[in-house]
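Note that ligands are numbered from 1 as they come in the structure, with each ligand's atoms numbered from 1 the same way. Quick caveat, the model's predicted, so the values are computed rather than measured. Throughout, numbering of the chain's residues begins at 1 and tracks the sequence.
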Amino acid sequence: MSTQCKPDAHEEVDFVPLCVPEIRGNEWRYMRECLDTGWVSSVGSYVDRFEEGISKYVGAKYAIATVNGTAALHTALLVAGIRPQDEVIVPTLTFIAPVNAIRYTGAWPVFVDVEPVYWQMDAEKLIYFIEKGCFWKNDGLYNRVTGRQIKAILPVHILGHPVDMNPILEIARRYNLIVIEDATESIGAKYNNRMVGHLGDIGCFSFNGNKLITTGGGGMLVTDREEWAQRARYLTTQAKDDPVEFVHHEIGYNYRLTNIQAAVGCAQLEVLDEYICAKRNISLRYKEGLRDIPGLESMREARWASSVFWMYTVLVNKLKYGLDHLELMRNLRERSIDSRPLWQPIHLSPAHKGSFATDCSVAEEVQRKALSLPCSVGLTSTQHEFVIENLLSLGVGFKKSH
Ligand SMILES: *Cc1c(COP(=O)(O)O)cnc(C)c1O
């Protein structure tokens, strides 16, 4: 069942991509049905089916499909009541989308660091900031430095691994903050046996091409709150109050997913657990293969977590390995192997200068060393061994001992 173990004895290793979609199920059949019946646009049975499928998968009462994950995050912030000049606490080590979504509402991000072991939002530093860097006034929490009200926490489960959520949920309850999970990189990951995306008040998923399952482009918002679900549906369909005479009471958005995309999503959802299994097998083989390479530190999985290992990432220690992460990336590229560093921590991003940041030194340190390695669901064992052999031979530890 593991796709990486499909027979490939005669295969030549060509270019090994970082992470590409795996389309080999009912995608074509379902999509064809949309085209044959003319149900191609933003209404249709596959949209309903995809929403039901995701809500059941994560155990949430409601799911609303969106055109992409960024739109799901923007909508989540809007239904949570985030307003201009509010603040939302977010980890600095993330793809930029959730931070941009915060700015779309006119609110501001507050950047907190990640912890050094799993590289996820650091609950201890978050709590320290709330208790020392904020004050409580008239039922609201305010940032001492900016004077702005803090309304929500937006943890991002990066690279397939969950954030340690219990301390975050607890402090959020104590200070009346909403928790919006960005689970776009981690669908199917579990925190203490509970699905990520269904731990806080709203969760968001993405079905972009590089994610675990894809619709080409797409997203989903899940919540247990009926009024938020209704409002999300309303805002994502141009806030239409009278569908006959086109009366609108608010400014809405065209954020709906099309039936064609949802059809692909339904087919992908059927194989999600199989893909997660493949990702976990890839991570196991890496862990084993990299154990004896000095200077390469594999990503980890916490006791309380079941990671989906969306993007297999290592820390490269130049002193021990002989190359830094970017030098390794260039050397791998010469051998036809794709790899990629992590995102610039967003508190350093020119696009978000002027936002408030707490101490984010761990994120900077992780980003200076991190490199993501090929980990497509369809990675063959030949490709995988080729990558591991090259990682081995490029390191100084290997050369010295041979
Ligand atoms: C991919 C991603 C998103 C957004 O998804 P799109 O569907 O590409 O808009 C949001 N947050 C994180 C952390 C992501 O990796």
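Within the listing of ligand 1, atoms 11 (N) sit less than 4.0 angstrom from a heavy atom of Pro98. Atoms of ligand 1 found under 4.0 Å from any heavy atom of Val156, numbered from 1 in the order shown, are 13 (C). Residue-ligand proximity, Gly218 to ligand 1, at heavy-atom distances under 4.0 Å covers atoms 7 (O). The contact set between ligand 1 and Asn68, taken as ligand atoms under 4.0 Å from a residue heavy atom, comprises 7 (O), 9 (O). Which parts of ligand 1 touch Thr94 is read off a 4.0 Å heavy-atom cut-off, strictly below it: atoms 13 (C). Near Asn208, with a cut-off below 4.0 Å to any heavy atom, the atoms of ligand 1 are 7 (O), 8 (O).
Using a 4.0 Å heavy-atom cutoff, Ala72 is absent from the residues neighbouring ligand 1. Put simply, no part of Gly219 is less than 4.0 Å from ligand 1, judged by heavy atoms.
A distance below 6.0 Å separates the ring centres of Trp304 and Tyr118. Between Tyr286 and His384, the distance from one ring center to the other falls under 6.0 angstrom.
For the pair Ser55 and Tyr62, the minimum side-chain heavy-atom distance is 4.5 Å or more.
Judged by a 6.0 Å distance limit and a 45° cone about the ring axis, Arg231 is not positioned over the six-membered ring of Trp228. Figure legend: Arg49 and Tyr30 shown as a cation-pi pair, the cationic atom lying under 6.0 angstrom from the six-membered ring centre and within 45 degrees of its axis. The side-chain tip of Lys279 does not point at the ring of Phe309 from less than 6.0 angstrom away and within 45° of straight on.
Of all heavy-atom pairs between Gly44 and Trp39, the closest is CA-CE3, 3.9 Å.
Contacts of Asp182 with ligand 1, taken as heavy-atom pairs under 4.0 Å, involve the side chain alone. The proximity of Leu73 to ligand 1, defined as any non-hydrogen pair under 4.0 Å, is limited to the side chain.
Distance NE2/His325 to CZ/Arg368: 9.5 Å, rounded to 0.5 Å.
Looking from atom 14 (C) of ligand 1 to the surrounding protein, the closest heavy atom is Thr184 OG1, 3.1 Å. In this structure, atom 4 (C) of ligand 1 lies nearest to the protein heavy atom Thr70 OG1, 3.6 Å. Taking atom 5 (O) of ligand 1 as the reference point, the nearest protein heavy-atom neighbour is Ser206 OG, 3.2 Å.
Selection from Glu185, Lys211, His74, Met311 by nearest heavy atom to atom 2 (C) of ligand 1 gives Lys211.
Tested against Tyr312 for a side chain to side chain donor-acceptor pair (under 3.5 Å), the candidates Ser298, Ser372, Ser283 yield a single pass: Ser298.
Within 6.0 Å of the NZ atom in Lys125, the count of heavy atoms belonging to other residues, nucleotides or ligands exceeds 12.
Ligand 1 has no nitrogen or oxygen under 3.5 angstrom from a nitrogen or oxygen of Ala97.
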